[in-house]
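To start, the structure under review is shown below, and the notes come after it.
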Amino acid sequence: MSTTTAPTVRHSRTALARQLSELGVERNGVLLVHASMRAVGSVSGGVRAVIAALREALGGHGTLVVPAFTPENSDTSPHYLDRVRGLTDRARDAVRASMPPFDPATSAAPSMGRLAEAVRLTEGAARSVHPQTSFAALGPSARKLVAHHRPDCHLGEDSPLARLYDLRAQVLLLGTGFDTCTAFHLGEYRMPAPPRRTYRCVVTSGGRRQWWEYEDIALDDSDFAALGADFARSDDGATVRIGPVGSATSRLFRFTDAVDFAARWLSSHRDGAPVQVLCRAHGQTLRP
C-alpha cells in the first residue's frame, strides 16, 4: 500500500502582501508586529520576503515596528537559569562575568523570533536603547518612534509603546497569540497604582561593563491570554480582525483599543497576585 504526502505550500511575497492588505493593514500607517515564522510556513525568499510583504502592504510612508527584547543579559532570565543549572557557585559567577553588556547596535534578540531579528539587522533600521525591552523599526517614523526610550521605563509612557499609542498604530499578531501582545503592557502602566519591583541587567557605563539595578512597574503577562480572549470578544468581535497570512491565522487590531481595554480589564481582574513574568515570546517566559 503506497501513501503520498501532500506538497508543502510555498507562499510568495506578493500573495502575503495581498493577504495583509485584505486583513486591513493600513497603507502609510504604523504597524507593530509579533510574528511566528513557523506559523507563517514556507515562503519563497524566507524571512526577508515576509518583511518585504509587510513593507509593501504598509506602503512607502509606512513604518514597521518589532520588539527587540534582550533577556539574555540578565542574571534572572530563563536563558541564564538554564545555562547555570547544575553548576557550582564558582561556575555561575564565571557565567555572569562573561555575559556581555547591552549594545543597541550589536546585541541580538534571538528570543523575539526570526522576523524581529531580521528587522533589527535590516539596513536603515533604528533601535531604542533600553537594555532589556528595546524596539526596532523601519520606515520614515522609525527614529522618532524609538527615540527617548528611558532606560528605567520598560514599556510605559517613556517607551516606544506610548508613541505607538499616540500615532494610533495597528498591531499584527502574525501567527502568535495574545500572550505575546506587548500593547497590553502599556495598559499595566495605566492601571491605578500598579506594583513596582527591582530589575537588574548588564550595561556599559562610562566605557565600563557593570550591573545596573533599577525600579519599574512589575510587569506580568501571565493573564494576557485571558485578557486577549475577552478583548477579541469585545464590541461583538468587531475590534479584532482575523484572517490568514501565509499559513498563519493572524489578528489585526488598533493599538489604542488594546491598551484602553487592557487598562480597564486589568484593573478589574487582578487581585494583587505575585508577579509571574515580564514578557513572553512564542511561548517562552522571559524574566529580566
Side-chain angles (χ1 to χ4, degrees), residues 32-35 37 47-48 51 63-84 91-164 180 182 185 197-217 219 277-282 284-288:
L32 172 64
V33 179
H34 298 276
M37 285 298 298
V47 67
R48 290 290 169 189
I51 293 174
T63 298
L64 174 63
V65 187
V66 294
F69 300 170
T70 48
E72 294 81 8
N73 71 330
S74 164
D75 63 355
T76 55
S77 69
H79 175 87
Y80 171 79
L81 295 176
D82 288 344
R83 187 176 179 185
V84 302
R92 288 176 180 166
D93 289 342
V95 170
R96 290 181 77 254
S98 70
M99 292 168 68
F102 175 74
D103 182 340
T106 62
S107 292
S111 56
M112 293 295 100
R114 284 183 285 158
L115 185 129
E117 184 67 350
V119 169
R120 181 188 73 82
L121 292 170
T122 298
E123 184 177 357
R127 188 183 193 181
S128 67
V129 297
H130 194 284
Q132 290 282 270
T133 55
S134 65
F135 288 81
L138 284 167
S141 298
R143 296 197 179 279
K144 180 180 178 181
L145 271 167
V146 302
H148 311 300
H149 190 173
R150 213 175 72 199
D152 61 349
C153 179
H154 283 113
L155 301 167
E157 306 302 337
D158 292 298
S159 79
L161 291 189
R163 309 291 81 75
L164 290 168
T180 68
T182 55
H185 282 302
R197 59 159 285 195
T198 298
Y199 297 90
R200 183 169 61 187
C201 59
V202 190
V203 299
T204 299
S205 180
R208 299 180 60 185
R209 175 189 181 277
Q210 66 179 43
W211 287 92
W212 180 51
E213 285 192 355
Y214 58 100
E215 186 180 272
D216 194 13
I217 299 300
L219 297 169
V277 294
L278 168 69
C279 55
R280 188 183 307 273
H282 312 311
Q284 179 187 12
T285 297
L286 311 177
R287 294 180 179 85

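Not measured: the values here are computed from a predicted model. Residues take their numbers from the sequence shown, with the count starting at 1.
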Restricting to non-hydrogen atoms, name the atom on V33 and the atom on P67 that form the minimum distance, rounded to 0.1 Å. O-CD, 3.5 Å

Indicate yes or no for a side-chain donor-acceptor contact from H154 to the backbone of T133 under 3.5 Å, with no hydrogens or angles considered. no

When you look at E117 and R120, which way does the salt bridge (Lys or Arg N to Asp or Glu O under 4.0 Å) test go after all the steps? CA-CA 5 Å; E117 184 67 350; R120 181 188 73 82; 2.8 Å; yes

Under 3.5 Å, is there a donor on one side chain and an acceptor on the other for S134 and H149? no

If you look at every heavy atom in E72 and S111, which pair is closest and at what distance? OE2-OG, 3.4 Å

Considering non-hydrogen atoms only, spot the tightest contact between I51 and T122 and give its length. CD1-OG1, 4.2 Å

Hey, could you give me the SG/CH2 distance between C201 and W212, rounded to the nearest 0.5 Å? 6.5 Å

Heavy-atom nearest pair, S128 first then V146, reads CB-O, 3.3 Å

On a heavy-atom basis, the closest approach of V203 and P131 is CG1-CB, 3.8 Å

Show your reasoning for whether side chain to side chain contact (heavy atoms under 4.5 Å, CB included) applies to T204 and D103. CA-CA 8 Å; T204 299; D103 182 340; over 6 Å; no

If the condition is salt bridge (Lys or Arg N to Asp or Glu O under 4.0 Å), which residues does D158 pass it with, not counting sequence neighbours? R150

State whether D216 and R197 are salt-bridged, where the test is any N-O pair (Lys NZ or Arg NE/NH1/NH2 against Asp/Glu carboxylate O) under 4.0 Å. no

If we ignore hydrogens and angles and just use 3.5 Å, is the side chain of S74 paired with the main-chain N or O of P71 as donor and acceptor? no

Check whether any side-chain N or O of E213 sits under 3.5 Å from a backbone N or O of R200 as a donor-acceptor pair, and report yes or no. no

Has the side chain of S98 got a donor or acceptor atom that lies under 3.5 Å from a matching backbone atom of V95? yes

I'd like to know whether Y199 forms a side chain to side chain contact (heavy atoms under 4.5 Å, CB included) with D152, so could you lay out the CA-CA distance, the side-chain angles of the two residues, the decisive distance to 0.1 Å, and finally the verdict. CA-CA 9 Å; Y199 297 90; D152 61 349; over 6 Å; no

Using every non-hydrogen atom in the two residues, find where T182 and H34 come nearest and quote the distance to one decimal. OG1-NE2, 3.1 Å

At what distance, to the nearest 0.5 angstrom, does CZ of R163 lie from CG of L145? 8.5 Å

